[in-house]
Amino acid sequence: MPELPEVEAVRRILDRAMRGSRITRVELRRANLRRPFPAGFVNRLTGQVIEDVTRRGKYLLVRLRSGDTLLAHLGMSGSFRAASPSDEADAGSGSKARAHDHVVFELSSGTVVTFNDPRRFGVMDLVAVEGAATHDALDALGPEPLNAAFDAAVLARACAGKRVSLKVALLDQRIVAGVGNIYASEALHHARLSPRRRASTIATRAGAPRDAAVRLVTGIKAVLRKAIARKEQAYRGGRFRVYEREGQPCLRPRCPGTIRRITQAGRSTYYCPTCQR
DNA sequence: ACCTCGACCTGCAAGC
DNA sequence: TGCTTGCAGGTCGAGG
């Protein structure tokens with residue numbers, strides 16, 4: 001479950017479970033995920049105190065008092081679960097091992113945090129103290145979509161000269177960090193923009209961002225905020241406005257359109273050809 | 001420099 | 001029931 005809203009939900013769970021605790025033991029149950037674990041992974045984590053858990057795009061950052069930062073990406077199928085000692089007593093699912101558990105962190109509080117990832121597209125890495133929190137993966141990321149600094153002018157500039165479609169541009173983490181396949185479709189529907197439209201067509205004209213860029217920024221922020229709020233209440237209803245709704249009626253008021261599915265860059269895009277231009 | 005496509009993995013649902 | 005196919009919320013590198 002890995003776009004910005006899901007990663008943010010995981011971040012909150014991990015921050016509550018890990019902040020202030022010491023890592024007493026790290027168990028690697030295999031040598032790699034998408035890439036090998038970095039040299040010294042276990043040694044540099046064991047014994048360290050966790051400052052907090054933050055997020056950048058789809059990356060989770062577990063910051064240690066030593067200055068090191070553990071970087072984690074969920075890929076397509078990665079997930080974390082945290083089991084406290086009381087969970088164990090309940091004889092519930094607790095921290096019992098499951099298929100595809102690849103990394104286990106035991107904390108001084110007794111809480112056990114487990115990383116599970118069937119497809120192993122996830123990544124874990126360490127950011128060195130010297131690097132002042134720089135890492136190739138993080139350096140390449142575009143703006144955080146929910147920051148005020150991400151506005152129509154910024155998006156328009158990032159799209160300037162891009163020959164790819166708007167949908168493909170939104171998946172490019174250098175343009176905006178954290179949007180993935182679901183929320184790209186959702187944001188474009190919110191903005192009434194066709195996913196097939198060329199990204200460069202929303203770019204700046206005569207120094208001012210076009211209305212389309214304003215709508216797209218608004219759409220991105222709106223769908224991400226709403227998704228984050230929904231997770232918080234563990235409220236499962238609602239689902240999506242277009243994603244996985246092929247053949248069903250468009251939900252925009254008074255729009256008579258039907259949601260279509262097309263393939264772009266090898267991935268499914270859902271949109272309403274009637275109201276999205 | 002930009003763009004497209006396949007590769008990397010496992011699991012699940014649908015169709016025969 | 002068992003097989004095959006296609007699809008899945010993400011990158012990343014090769015090659016045009």
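All chains are named by letter (A, B, ...) in the order of the sequence lines, taking the proteins before the strands, and each is independently numbered beginning at 1.
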Q: Taking the same atom, C1', in dC12(C) and in dG11(B), what whole-Å distance lies between them?
A: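 The same atom, C1', in both gives a distance of 23 Å.
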Q: Do we see Phe121(A) stacking on the base of dT11(C), given a limit of 5.5 Å between centres and 30° between planes?
A: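 Whether judged by distance or by angle, Phe121(A) falls short somewhere, so it does not stack on the base of dT11(C).
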Q: Answer with yes or no whether the side chains of Gln264(A) and Thr269(A) bring together a donor and an acceptor at under 3.5 Å.
A: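 There is such a pair between these side chains.
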Q: Grab the CG-C1' distance between Leu4(A) and dG10(C) for me, whole Å please.
A: 14 Å
Q: Does dT11(C) have OP1 or OP2 sitting under 4.0 Å from an N or O in the side chain of Gln173(A)?
A: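 Yes.
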Q: Does any N or O donor sit under 3.5 Å from an N or O acceptor when you compare the side chain of Arg119(A) with the base of dC9(B)?
A: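 Looking at the base of dC9(B), it does pair with a donor or acceptor on the side chain of Arg119(A) (distance under 3.5 Å).
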Q: When you look at CZ of Arg215(A), are more than 12 heavy atoms from neighbouring residues, nucleotides or ligands closer to it than 6.0 Å?
A: yes
Q: Using atom CZ of Arg267(A) as one end and atom P of dC5(B) as the other, report the distance to the nearest whole Å.
A: 14 Å
Q: When the distance from CZ of Arg174(A) to C1' of dG10(C) is rounded to whole Å, what number comes out?
A: 14 Å
Q: Choose from dC3(B), dA8(C), dC12(C) the nucleotide whose nearest atom is closest to any side-chain atom of Arg261(A).
A: dA8(C)
Q: Does the salt bridge (charged side-chain N to carboxylate O under 4.0 Å, His left out) test come out yes or no for Glu244(A) and Arg239(A), once each step is laid out?
A: CA-CA 9 Å; Glu244(A) 288 185 330; Arg239(A) 296 293 297 160; 3.4 Å; yes
Q: Tell me the interatomic distance from Lys58(A), atom NZ, to dC12(C), atom C1', rounded to whole angstroms.
A: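 Distance, rounded to whole Å: 13 Å.
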Q: How close or far is atom P of dC8(B) from atom CG of Leu74(A), stated in whole angstroms?
A: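 To the nearest whole Å, that distance equals 22 Å.
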Q: Does a nitrogen or oxygen in the side chain of Arg34(A) sit under 4.0 Å from OP1 or OP2 of dC9(B)?
A: no
Q: Look through every strand shown and name the nucleotide pairing with dT11(C) as Watson-Crick or G-U wobble, where both distances are under 3.5 Å.
A: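 When the pairing criteria are applied, dA7(B) turns out to be the nucleotide that pairs with dT11(C).
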Q: What is the distance, rounded to the nearest whole Å, between atom NE2 of His102(A) and atom C1' of dC8(B)?
A: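 To the nearest whole Å, that distance equals 13 Å.
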Q: Identify which nucleotide among dC12(C), dC3(B), dG10(C) has an atom closest to any side-chain atom of Met76(A), counting heavy atoms from C-beta outward.
A: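 Side chain of Met76(A) sits closest to dG10(C).
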Q: How many Å lie between CD on Gln264(A) and P on dA8(C), as a whole number?
A: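 My rounded result for the distance is 13 Å.
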Q: Expressed as a whole number of Å, how far does the P atom of dC3(C) sit from that of dC9(B)?
A: 24 Å
Q: Whether the His135(A) and Asp125(A) side chains hold a donor-acceptor pair (N or O, under 3.5 Å, no angle test) is what I'd like checked.
A: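 Asp125(A) and His135(A) do have a side-chain donor-acceptor pair below 3.5 Å.
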Q: Over 60° means perpendicular and under 30° means parallel, so classify the ring planes of Phe37(A) and Phe41(A), tilted if in between.
A: tilted
Q: If you check every side-chain atom of Val164(A), which of dC3(B), dG11(B), dG10(C) has the closest atom?
A: dC3(B)
Q: Under 4.0 Å between a side-chain N/O of His100(A) and OP1 or OP2 of dT10(B), yes or no?
A: no
Q: Measure CD/Glu244(A) against C1'/dA8(C) and give the value in whole Å, please.
A: 8 Å
Q: Check Arg56(A) with Glu144(A), please: is the shortest side-chain N to carboxylate O separation under 4.0 Å?
A: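 Counted as a salt bridge, because a side-chain N and a carboxylate O are separated by less than 4.0 Å.
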Q: Under 4.0 Å, counting only non-hydrogen atoms across every strand here, what does Gly180(A) touch: a base, just sugar-phosphate, or nothing?
A: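 Sugar-phosphate contact only - Gly180(A) comes under 4.0 Å of backbone atoms but never of a base.
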Q: Look at Ser268(A) and dC7(C) and indicate whether a side-chain polar atom (N or O) is within less than 4.0 Å of OP1 or OP2.
A: no
